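Notes follow once the structure below has been shown.
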Number of protein chains: 2
Amino acid sequence: MAVQIPVKDTDAVETRIEDLCAKRGLRMTEPRRVIARVLSAAEDHPDAEALYDRVKEVDPTISMATIYRTMKLFEEMDIVSKRDFGDGRARYEPQSGPEDHHHHMIDVETGEVLEFYNQELEDLKKRIARDLGFDLVDHHLELFGTRRKKQH
Amino acid sequence: MAVQIPVKDTDAVETRIEDLCAKRGLRMTEPRRVIARVLSAAEDHPDAEALYDRVKEVDPTISMATIYRTMKLFEEMDIVSKRDFGDGRARYEPQSGPEDHHHHMIDVETGEVLEFYNQELEDLKKRIARDLGFDLVDHHLELFGTRRKKQH
DNA sequence: TTACTTGCAAATCATTTGCGGTTTG
DNA sequence: CAAACCGCAAATGATTTGCAAGTAA
């Protein structure tokens, strides 16, 4: 369950994302505040439209263009990261820093997304990049699979 | 260097992809033959437009719609695989079977793409999926990096 | 005040599709 | 000949952008 965070009330405790916006010196407008809170409350990987729907519940005047503009801004500011799970649209999730780095296991039958972290994998990636003569700046890993019904 | 393959002449030796089309029982039309040969000759990861340009040089009457329709068909037939390198468009490459499975290291400064294979990585992925209770059916891994200028 | 933001609608971009005419098997 | 294909142009769907009005610092 998510921590209960007031999405509308201005004098509520700041969310992690609002805090980051402040640290980055971003101008704090009403749409940004609402989007920041919706994002902070999200435990899934919403696409632009899902964000739009959730944001509209709080403030119906906020437009889709603002969702996209804000996501692009947040992405550049390393506040959110954009993911691609193979369907046509981008998904967004709060960037939680290297200490919470993780990847995704996607159930191709249900679309369900599990997050996982594996230190061995992190080390291996870095080593592979280095062996190829690169410094790793980013990487994408998604596993697609089906629930194992019976073990063989 | 690629093996020299006649792209136009009909009585030339069949390419690997044309061969696969035959095996799958696909109707062999002129556009498909040209696309198959262009793909066979490609050593990079062309997007639809790049394919279109190359195909046009052989037969300017072939349309973009056919490129897309053929790519979708080839994909369903496991003749090509579709890749996503983070820019907006899909890239295609001949599917060469499990024995030639590989991943991509993308130079973020030049856009250059290196292919690599790492058995450890293959094993690890499978193990991770299994630990999560899944049978792996597919996976995407791309590493993004910059050329290492000096080692530290 | 003044530069930064936003909503709206129109514009892009990549990809898909309806349709009438064309081929392949 | 019938089913599958194809080119063309219009349709989609996701994301971006120009512009005039609104707003944070």
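Below, read A as the first sequence line, B as the second, and so on, with proteins coming before strands; counting in each chain starts at 1. Computed from a prediction, not measured in an experiment: that's the story for all the values here.
- Distance B:I62 CD1 to C:dT23 P: 13 Å, rounded to the nearest Å.
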Pair B:D19-B:R16, salt bridge (Lys or Arg N to Asp or Glu O under 4.0 Å): steps then yes or no: CA-CA 5 Å; B:D19 194 44; B:R16 163 91 137 294; over 6 Å; no
A:R89 and A:E49: CA distance, side-chain angles, deciding distance, salt bridge (Lys or Arg N to Asp or Glu O under 4.0 Å) verdict: CA-CA 9 Å; A:R89 49 254 160 94; A:E49 191 167 346; 6.0 Å; no
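- Atom pair B:L26:CG and D:dC6:P shows a separation of 10 Å (rounding to whole Å applied).
- Both B:M105 and A:L121 belong to a common hydrophobic cluster when Ile, Leu, Val, Met, Phe, Trp and Tyr are linked at side-chain heavy-atom distances under 4.5 angstrom.
- For B:E112, the CD atom sits in a packed shell: over 12 heavy atoms of surrounding residues, nucleotides or ligands are nearer than 6.0 Å.
- To the nearest angstrom, C1' of D:dC6 lies 13 Å from OH of B:Y52.
- For the pairing with A:I35, the side chain to side chain contact (heavy atoms under 4.5 Å, CB included) check across A:T70, A:V80, A:D59, A:I17 returns one residue only, A:T70.
- For the pair A:R24 CZ and C:dT5 C1', the computed distance is 20 Å after rounding to whole Å.
- In the hydrophobic clustering of this structure, B:L114 does not group with B:I106; members are Ile, Leu, Val, Met, Phe, Trp, Tyr whose side-chain heavy atoms approach within less than 4.5 Å, directly or through other members.
- Separating the NZ atom of B:K56 from the C1' atom of D:dC8 is a distance of 15 Å, rounded to the nearest angstrom.
- Between A:R33 atom CZ and C:dT6 atom P the separation is 11 Å, expressed in whole Å.
- Aromatic rings from B:F85 and B:H45 are positioned such that their centres are separated by under 6.0 Å.
- Rounding to whole angstrom units, CD of residue B:E75 and C1' of C:dT15 are separated by 12 Å.
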Check: protein-nucleotides 1-4 of chain D nitrogen or oxygen pairs below 3.5 Å:
| residue | atom | partner | partner atom | Å |
| --- | --- | --- | --- | --- |
| D:dA3 | N3 | B:R27 | NH2 | 3.4 |
| D:dA4 | O4' | B:R27 | NH1 | 3.1 |
| D:dA4 | O4' | B:R27 | NH2 | 2.8 |
| D:dA4 | N3 | B:R27 | NH1 | 3.3 |

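- A cation-pi arrangement, defined by a distance under 6.0 Å to the six-membered ring centre and an angle within 45 degrees of its axis, is absent between A:K72 and A:F74.
- The nearest heavy atom of DNA chain C to A:S63 and to B:M28 marks one nucleotide each, and the one closer to the 5' end goes with A:S63.
- Salt-bridge check for A:E18 with A:R32: failed, with every basic side-chain N at 4.0 Å or more from each acidic carboxylate O.
- Between A:T29 and C:dT6 there is a side-chain polar atom (N or O) within less than 4.0 angstrom of OP1 or OP2.
- The distance from atom CD1 of A:I67 to atom C1' of C:dT5 is 14 Å, rounded to the nearest whole Å.
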Show me the protein contacts with nucleotides 9-17 of chain D, counting only N or O atoms at under 3.5 Å.
| residue | atom | partner | partner atom | Å |
| --- | --- | --- | --- | --- |
| D:dT15 | OP1 | A:A90 | N | 2.9 |
| D:dT15 | OP2 | A:Y68 | OH | 2.4 |
| D:dT15 | O5' | A:Y68 | OH | 3.3 |

